[in-house]
Structures are given as structure tokens and as C-alpha cells.
Amino acid sequence: MIAVAWTDNPLENHWHYQQVVLEEEFYLAYPFVFHYMGEYFMIPSTRDTNSIRLYRATLFPNRWTFVRTLVEGHPFVNTSPILHEGRWWLFTLLDHNDNPQLIIFYSNTLDLLAEDLVWKPHPSCPCYSGDTKRTKPGGRPLIFDGVIYRYVPPVNFHLSQSPPKQPLPLTSEN
Amino acid sequence: MHQVTQLTTTLFVEREATHVFPMEQHAWISKRIQHIDMHPLSELGEDIIASYASGGKMTPPKWIAAVDGNRYFYNPETTFAIQVATFMLVGVLSIWAIWYPHNYRLARKCIAGISLSLADGLSLFRSWRHATRPSRSALRRIKKLILPFAVIIVALLYLWWAGLSIFGYPLCHSLQCIPTASFDNSGPIIIPSAPIKEGSLHHEACPITVVVALFDIGRGENPDQEQMQSWDNYLSYFATVLSVNSCYIVHVEQDTVDHVLRHRGCTVQSETIIPLNSSLVFSGKAEEERQRARRPQGVSKHLILKDCKYPTDLWVTSLRDLRDSYPNFHMIENILKDPKSRCVFLLCFDPPS
């Protein structure tokens, strides 16, 4: 389940737990909340459903409604969307325990609610495979001064620490 | 941190850029961070860009980052030391108690403070001993059997659970080797009920309707009654009451409306004036005007709420008006008569005299 806490001043590090705002029959984690076109959306980690699910706040932050499945077919973890050059990009971890992979999807439109919304896997992906130091998204990608930065946890506690099984990085340049 | 240098539909290139946002280990245990959410404190980030553009001559930019991870550093050496010390202490006391029966009572008091389970075991042993009165030779044989058995059990128990045992946890907690929750107010977990049906009356959404009111009668302002709770305390208690996931009819004054909305998760769509002493059911505008003309001062505002997480009827009224509305203060006739209402609670913080 996903819960919410609030604070009057985040700099004082004094937060108050409020309530559970989203509960599903499957495991929820990594509540990635973003604001777009006047609405709040959330993409939580829903590994057990083998999909990436999009939720919309009908009453922010207390009530969330499932909107649609963005991508399905694999156990995706820690999906992190960004808006870049006129389309949406999803950085996500394909969580095969023995071989975790960083996958990037991009959309054909900016409208997350459009019927013709299609997500295509990036041709360079899996961008990294097996390397836990590079594969798992660790939070909101930061776009600063036109450059994208993404955080990757230095130590992965949940995935195997097996060495890379493929050369990396796999990009269109090599 | 990775810097994505190129991201197009055909190309993805990035490089490690740990120097861009170096993390100080003093601020948090960065090795345990699995998630980070950074935002510039400046809303537009203009001062940040200007600072970088000036080559660091301007005041360094400030960011705020929400991170996860352990609040306290996990120290395996400390935990191991506690395990060994706990094991030795309990072992010595156990041997002392079993080997010297005349010290049993004192030992039991000590052991009971450390491990209730062990004390219970000794009590059973004493009962058995009084009941059977075994010979000294039999007792010696039993001691030889029990001693190693008890040592092994206690050793396994405390070696494995020392960090969480009755004795080990407070020690370990005081030494900050166990991570603790960072929330100062971890309230109750509310399990949402079924969504409210569109257009239905609130009391149809759930079997129990709670009618509650809160008014400031100035208890905290009376200098002769220093022990009285302040208004803020009442608001805090009231927030807990409001967190119950059930249908609510809430009577408050105007100043408390935001407090209720916040904890019931509602937004106000519009306000409607409802005359007092009328039915709880929404009345027509003509009737409303007639009642208002008859009792110009006796009106309450009924806030039409929208998108409530929990079903709520919010009435803005005064304590006097509330008493007029509910003559017995313990009977909500309209709700009681409703066959769909199985039970009615009236929570009264300050019963009227």
C-alpha cells in the first residue's frame, strides 16, 4: 500500500503520517508522483502484475484511480518517467533476478490519456544487463540546465550481485 | 549519479558523473540509499543556474532531497557485543539459580526481569520439585541434564534474537544500532472502504454514521483551570476521531472547517444554508427562505462536499444551534429511523449542562 505524510516545513524534517491512499491486492512500492497538465499522476512499482500501471489523483493526495496499463509482459520495477524533447520516457528495471536489465520506453505522444498512446522500447535496450550498479533507477531523474541526471543506488540489496553477463553499455554506437 | 549525454529514439549514451552531485556521508547513510528525489529550493531554479554560471562565485545553490535508507548506522560489532554480554549474563544467572536452590527467589526476580520465558521454566521446575520431592541423587542427575540443555537453548535464543529480545532490544536501541521510524506521528492505518456511490446520501454508504461536534468553549483560556486541555489538544484528539473510516455528520464552527476537511479528505463544492430544526434532508429553497425569515439568527451552513475520501456531512453551526437541532443530544431521529442505519454513535466531547 501507498501512504501519504505531510509537513508544513520540509526543511525542519518534521513529517506527519496521514493515511493510506492506495491499496491493491499486489505489492506496491516506489510511488513516483508527477504533475502534468494540471493533474497529478503516479506510477508505483507493481512488479507482481508484470506491468507498468498509471494512476491519476482524483483528490490529491488522498485518492488515486487506476487509469491504464502503460506497458505489460515483464516484471518492471522502479519505473521513472521524464518529459524530454516532446515525449515521455520511462526508465525502468526489468527485474529478472539473475539478470536485471535497464529498459527505456518512449511514447509517441505527450497525452498520457490518449487512446493512441504507444510505448516503444528503445532500440539500445537492454541498455545495461546484469550490472546492478547501473540498472536500477533510484529516484526521480533530474533535468538540470538541459542535462538529464539519473540516480542509481550504489548497492543493490534486493537483486543478486552477480557480475555482468553482457558487455556494456549497449548503445547504438557499439 | 549518471549523466545522460544523449537520449533520442535511436541513441542512448550516458556516463557516470559522481562529481556533479557529491553526497556528504554526514547527512545520511548514503550507502543505504535506494531512492532519492531532489528538488531545487528555488521555485524556478534561476539562482541555481546563475550560481553555476558564475563559476561558484555566487552563493552555492540549495537543494532539498527526499531519501530513504537507515537513519542510524548499523553496527554489527556492537550488536555482537550485546549478544555475547546478554548470553553470558543470562547463562550465569541460570546456573546460579539452578545450582543453589536457596537463591532461587532472588534469582527468579532477576531472571524475570530479563526473560519471562526463562522464569516460567524455572517455576515449572520448582513446582515439579515440590510435587515429586526427588532424592538428592536424582536431583543431581537432573541438574546435569538441565544445565547443558538450558545453556544451549538460551544460547541459541539470545544469539539469534539478542537484537530484538526483551533485554537486548532496549540496549541495542539505546546504542542506535537498530533503525527507528523517522515519523514523529505514525497514526493509524486507515483501510479505505468501498467508494461512495454517485448521488447517494452519505449515510447510505456505510452501516454506521458517526455524529460528532467540536466547539471551543474556552477551557484552555481559563487561568483557574491550568490542567484543562487546550483547544489545540482538542483539535488533535478530534483529528484522531475524524480518521475513523465511517460516515460522519460533523458539526463545527467556521474556524474548524479546514481542520475537518483536511482529515476527512474533502473539498468544498458549494455552501447551502439549511434552517435549523428542520429535517436533515436537504430542503428546497423556498422552505429555506421561509425558515430563515422566521429565525434569522438560527441558520447553519451545510457545506456540499465533493471528492471526500470518507463520507462526511459537514455542518457549520454553533453550540447553541446544535442543541436546538438535537433536543435530546442523544437521539438523531432521522438517522435512527432510517432502516439502512444499523447503529448511531454520538461522540460528545463536552456534554451540555
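Every chain is numbered from 1, with letters handed out A, B, ... down the list of sequences.
Only the side chain of Ile82(A) has a heavy atom closer than 4.5 Å to any heavy atom of chain B. The part of Phe91(A) that comes within reach of chain B is its side chain, from C-beta onward, which places non-hydrogen atoms under 4.5 angstrom from that chain.
Tyr30(A) and Ser80(A) form a side-chain donor-acceptor contact under 3.5 Å, judged by distance and modelled atom types alone.
Panel note: side chain Thr46(A), backbone Leu28(A); no donor-acceptor pair is recorded below 3.5 Å.
Both the sub-6.0 Å distance and the 45° axial angle are not jointly satisfied by Arg140(A) relative to the ring of Phe34(A).
The candidate from Pro137(A), Pro141(A), Pro123(A) with the greatest count of non-hydrogen atom pairs under 4.5 Å with chain B is Pro123(A).
In terms of the salt bridge (charged side-chain N to carboxylate O under 4.0 Å, His left out) criterion, residue partners of Glu39(A) (sequence neighbours excluded) are, by chain and number, Arg56(A).
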